[in-house]
Amino acid sequence: MRLFKQIKSFLPVFYFFAPAFVLAQAPPATDIFLLEMQKQGERIEFGTPHNITHRDGYDNQPFFWPDGQRVLYTSIRNGQADIYAYSLADSSTIALTQTPESEYSPTPMPDGMSFSVVRVELDSALVQRLWAFPISGGEPKLVLHKINPVGYHAWGDAHTLGLFVLGSPPTFQLADTRTGEGTVLAERAGRSMHKIPGQHAISFVTKPAENDWWINRLDLANKRITQLTKTMPGSEDYAWLPDGSMVMGAGSKLYRWQSKSPNEWQLLADFSTAGLTSITRLNASPDGKFLAVVSSR
């Protein structure tokens, strides 16, 4: 059963859609689709898209739990953003947070017992910081006291994470939870960043100029940054697959990048007949069996 929340008077500040600008309008209506994936040699085949949210409103920012059996995501209901979880085993949905604040970008933490979120705090003006919630329930804890406003994040290891920090321009920062400090490593950052599977590294997007967007790799051992590839024109959201390739959406289509062809995005599939449009955020299950994709309604 889906758990709905009572109407609350607080309307969140949507830094997420227009950095450094407060929006009064409602966020776009989006759904999350689940795609089964099968590798056939060098090819990837997809099953029929399954809509796991299927309602009017904003359902977005999917992230698989490490067991691959749950998808955590942000859902805005009656003006309130909370974190929900969809179970692949029985197709049920439960609310993981039900707070007066708004929570976004649920991300499993390296301890395997908690997930981190970007929280719009009520008791301070225009404060967005990183918090952690136990997956089994309980009180949240503030992860980084000093760094604000955080827009997006990715864990590199137990103490290190990459941050998209809002500003003019927005920056990519590397933060350490033991010190609470962040170091700016790049300016004109984009929102999409991820731990690279099997590597002690984080990938992140930079936008040095219009129509000149790049996916970069940060080596966490030596802090060296290298460019991997340009994004698809106008797209910045991507996901890593366990085999070290990336997938990215453009319209109703999915494309794949492989390191052996670093300057090329190859067409994987077209879901226009299945009703998927304006594909944005994506996340793959750790075993590579499923891909969660966000589509406009």
Side-chain polar contacts of residues 288-297 - donor-acceptor pairs under 3.5 angstrom, sequence neighbours left out - could you list them?
from	atom 1	to	atom 2	distance (Å)
S295	OG	T277	N	2.9
S295	OG	T277	O	3.0
R297	NE	R55	O	3.4
R297	NE	D56	OD1	3.4
R297	NH1	D31	OD1	3.1
R297	NH1	D31	OD2	2.3
R297	NH1	R55	O	2.9
R297	NH2	D56	OD1	3.3

Query - Flag for T53-N51: side-chain donor and acceptor within less than 3.5 Å - result: yes
**Report entry** Between N216 and T206, a side-chain donor and acceptor under 3.5 Å
**Finding:** yes
Query - By side chain to side chain contact (heavy atoms under 4.5 Å, CB included) - contacts of E139 (at least two apart) - result: none
**Report entry** Nearest heavy atoms of S272 and S252, plus distance in Å
**Finding:** CB-OG, 3.4 Å
Report task. For K223, enumerate each residue passing the salt bridge (charged side-chain N to carboxylate O under 4.0 Å, His left out) test, keeping only those at least two apart in sequence or located in another chain. Result -> none
Query raised in the report: Looking at residues at least two apart in the chain, or sitting in another chain, which of them share a salt bridge (charged side-chain N to carboxylate O under 4.0 Å, His left out) with K207?
Result: E236
Query raised in the report: Got a sec, which residues hit salt bridge (charged side-chain N to carboxylate O under 4.0 Å, His left out) with D243, two or more places apart in sequence or on another chain?
Result: K39, R256
Requested in this report: Would you list the pairs meeting ring pair (Phe, Tyr, Trp, His ring centres under 6.0 Å) in which at least one residue belongs to residues 173-202, sequence neighbours left out?
Outcome: H194-Y238
Query raised in the report: Do W213 and N211 have side-chain atoms, one donor and one acceptor, less than 3.5 Å apart?
Result: no
Query - Pair W131-E121, side-chain donor/acceptor within less than 3.5 Å - result: yes
Query raised in the report: Residues two or more places apart in sequence or in another chain: which of them pass salt bridge (charged side-chain N to carboxylate O under 4.0 Å, His left out) with E181?
Result: K146
Report task. Go through the structure and list residues passing ring pair (Phe, Tyr, Trp, His ring centres under 6.0 Å) with F133, not counting sequence neighbours. Result -> F115
Query raised in the report: Is there a donor in the side chain of S245 and an acceptor in the side chain of Q258, or the other way round, less than 3.5 Å apart?
Result: no
Report task. Determine whether the side chains of Y152 and T107 contain a donor N or O and an acceptor N or O closer than 3.5 Å. Result -> no
**Report entry** Check: W155/S116 side-chain N/O donor and acceptor closer than 3.5 Å
**Finding:** yes
Query - Distance-only polar pair, side chains of Q227 and R217, donor-acceptor under 3.5 Å - result: no
Report task. Scan residues 257-271 for pairs that pass salt bridge (charged side-chain N to carboxylate O under 4.0 Å, His left out), counting only residues two or more places apart or in two chains. Result -> E42-K260
Report task. Not counting sequence neighbours, which residues clear ring pair (Phe, Tyr, Trp, His ring centres under 6.0 Å) with F271? List them please. Result -> F46
Report task. For F33, check ring pair (Phe, Tyr, Trp, His ring centres under 6.0 Å) against everything at least two apart and list the hits. Result -> none
Query raised in the report: Tell me the salt bridge (charged side-chain N to carboxylate O under 4.0 Å, His left out) pairs involving residues 156-176, sequence neighbours left out?
Result: D176-R178
Requested in this report: Can you spot which of N60, N283, L96, T93 makes a side-chain contact (heavy atoms from CB on, under 4.5 Å) with Y73?
Outcome: T93
Report summary line: Taken to the nearest 0.5 Å, the spacing of E103 CD from L72 CG works out to 12.0 Å
